Amino acid sequence: MSQPTIESILQEKRLFPPSEAFAKAAHVNSLEAYKQLYEKAKLDPQKFWAELAETELDWFEKWHTVLDWQPPFAKWFDGGKINITYNCLDRHLLTWRRNKAALIWEGEPGDSRTLTYAQLHREVCQFANALKQLDVQKGDRVGIYMPMIPEAAIAMLACARIGATHSVVFGGFSAEALRDRLKDGQAKLVITSDGGWRKDAIVPLKDQVDKALADGAVPSVKDVLVVKRTNQEITMQPSRDHWWHELQPGMSAHCPPEPMDSEDMLFILYTSGSTGKPKGVVHTTAGYNLYTHITTKWIFDLKDTDVYWCTADVGWITGHSYIVYGPLSNGATTLMYEGAPRASNPGCIWDVIQKYGVNVFYTAPTAIRTFIKMGEHLPMSRDLSSLRLLGTVGEPINPEAWMWYQRVIGGGNCPIVDTWWQTETGGVMITPLPGAVPTKPGSATLPFPGIIPDVVDLDGTPAADNEGGYLVIKHPWPGMMRTVFGDPDRFRKSYWEHIPPQDGKYVYFAGDGARRDEDGYFWIMGRVDDVINVAGHRLGTMEIESALVSHPSVAEAAVVGRPDEVKGEDVFAFVILEGAQEPSEALAKALKQHVVNEIGAIARPSEIRFAEALPKTRSGKIMRRLLRTIAAGQEITSDTSTLEDRSILDKLREGV
Ligand code: WT7
């Protein structure tokens, strides 16, 4: 790990207070109101969260203990009985929202569907009954490998309805990556579709599932449930595979929600860390329900008339928390879009906003930089006047992209919420509340009520204002991850032992560098571990290195992130070949494809540089800092005295 350095955005001084009109109608409507909430939560966190749990959620049975904290293991609302789908569906059926649009879906080819709360409830119940018929029981794990179609959300909710734990694997991951995740989670069933639409082509999801399960590679998987989407020919294995449209007609629309313990596992979601193997991040029921509910309500300021659109994929935590659970728990209308900007329709995002009159729009900085590149004539030629609030997530946003987003997409009058959080945190942690907190371009601003972040050095000593350090969280919160699936020790080591406990109090280590300015605003500076962020996708450099060395021609590999104007970072790989192998264009191409096969297209190296040796310290550690400098094409000015053999640096610069 390297000490983060302070960047030039230190110069950013622009301040944008919410407009009076926006603030007046907002759930949290002034800086004073925010500060009051924040102080209240700080003074007595348990009281704060208990009051919200009482007023915002419906319970079958009330908890007896708000927080049981045995660091690093937390239990929230222990003793309570709850089902997140009751809060996302059933309770709205008792009100006028019964016939309100719950889910608006737009397919890439232009087909669309709207499901009211009553219709979504019905479909979830039917799907849940199908799972039961396939012998899925409470506590079983179910893999979901789906395109962005309503059935992806329905499948997640159906699992939650009967108490099965879902493990969604992003549809862009390869068969190999899918297999590893299904194996680790010992999934009993996989839900998939024949394919999905991606940039005018079919992604053959079912074929990938077949590959992942080939030769009994994942013995725990007994059945595969297949939704028909793209209609191309696929092979169905009679004893294993079932078409959803054949099962559905026989399924009852009545399926009572399973009363879950607050701490029953809701889902596992795999994410990259600084070692080779992805971590199965575990989230549980009640705390996650509450945290995603209240963050959605206050940060996106949802009103019953809003159409809310988050452009993430349900395969990521953003899709879990802010397409599915958070919005539905609030009774909102959530929009789901299968497509992405593509040659045949570069302005599709703006078409969707115009078509549905989207009011709240949440996307990633990398998408914004792509929009900037494609040209402002695309959004400018659509009517985007329905927008009233914009959000970003996934990586630091550069102030100029922020300004463009505000001016071109927001028409100069939408607040922007830059939301910092992680798969592990369950929901947003540092963010402006849009009617309350004046924003600064490039800053995620202030912590959500109940969240106590700090910037510290490796001893845990708080950094001075504007001094860079490590971002930590000092008090447990309801949405926090509970453990790494099957590996509590890794949970402790990865998140709770980097920084020594302060006065006996454990702090959560986020893995990001940050600084806090004189106004208490947080500026996130990016990862300080061996994790890189490519177009908002989190990738472990070690994961890509293990993929590379699994190729017979590769002896050793080192992967670093290289700054990229649009993607934030791209994947740059230094490769040392096995004895007799000769470097060639063709081999570089083959190695890139190998990484795609092992992990997925998101991990494809943009450059492979063949080398004779890697810079190592005398104790044999690869000096990634130097490799990053070389990959970025910059001069090495830092100290190289610990380097064993200086001559290899020049060779690395040129390649062999
Ligand atoms: C990492 C978490 C949770 C949403 C999607 C990513 C980076 C996330 C911001 C932001 C600066 C951000 C951090 C973090 N990140 N949001 N607003 N500003 N950086 O989830 O895949 O778990 O990645 O994304 O580096 O640690 P994830």
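Start at 1 and go down the list; that is how both ligands and their atoms are numbered. Everything numeric here is computed off the predicted structure, so don't read it as measured data. Positions are given from 1 along the sequence.
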What short N/O contacts, under 3.5 Å, does ligand 1 make with the protein, listed by atom pair and distance?
from     : atom 1 : to   : atom 2 : distance (Å)
ligand 1 : 15 (N) : G394 : O      : 3.3
ligand 1 : 16 (N) : G394 : N      : 3.1
ligand 1 : 17 (N) : D418 : OD1    : 2.7
ligand 1 : 17 (N) : T419 : O      : 2.8
ligand 1 : 18 (N) : E395 : O      : 3.3
ligand 1 : 19 (N) : P396 : N      : 3.4
ligand 1 : 22 (O) : T423 : N      : 2.8
ligand 1 : 22 (O) : T423 : OG1    : 2.6
ligand 1 : 22 (O) : R538 : NH1    : 2.7
ligand 1 : 24 (O) : G394 : O      : 3.2
ligand 1 : 25 (O) : D512 : OD1    : 2.6
ligand 1 : 25 (O) : D512 : OD2    : 3.2
ligand 1 : 26 (O) : Q422 : NE2    : 2.9
ligand 1 : 26 (O) : D512 : OD1    : 3.4
ligand 1 : 26 (O) : D512 : OD2    : 2.5
ligand 1 : 26 (O) : R527 : NH1    : 2.9

Which word best sums up how the rings of Y322 and F300 line up, parallel for under 30°, tilted for 30 to 60°, or perpendicular for over 60°?
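The rings of Y322 and F300 stand perpendicular, inter-plane angle above 60°.
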
Classify the side-chain pair T363/Y405 by whether it contains a donor and acceptor separated by less than 3.5 Å.
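Looking only at side-chain atoms, Y405 and T363 do not form any donor-acceptor pair under 3.5 Å.
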
Is the W316 to F170 ring centre distance short of 6.0 Å?
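Between W316 and F170, the centre distance is under 6.0 Å.
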
Under a 4.0 Å N-O cut-off, is there an ion pair linking E518 with K13?
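Yes.
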
Sorted by chain and residue number, the side-chain hydrogen bond (donor to acceptor under 3.5 Å, both in side chains) partners of Y337 (sequence neighbours excluded) come out as R342

Would you name the heavy atoms of F491 and M481 that are closest together and state the gap between them?
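Of all heavy-atom pairs spanning F491 and M481, the closest is CE1-CG, 3.4 Å.
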
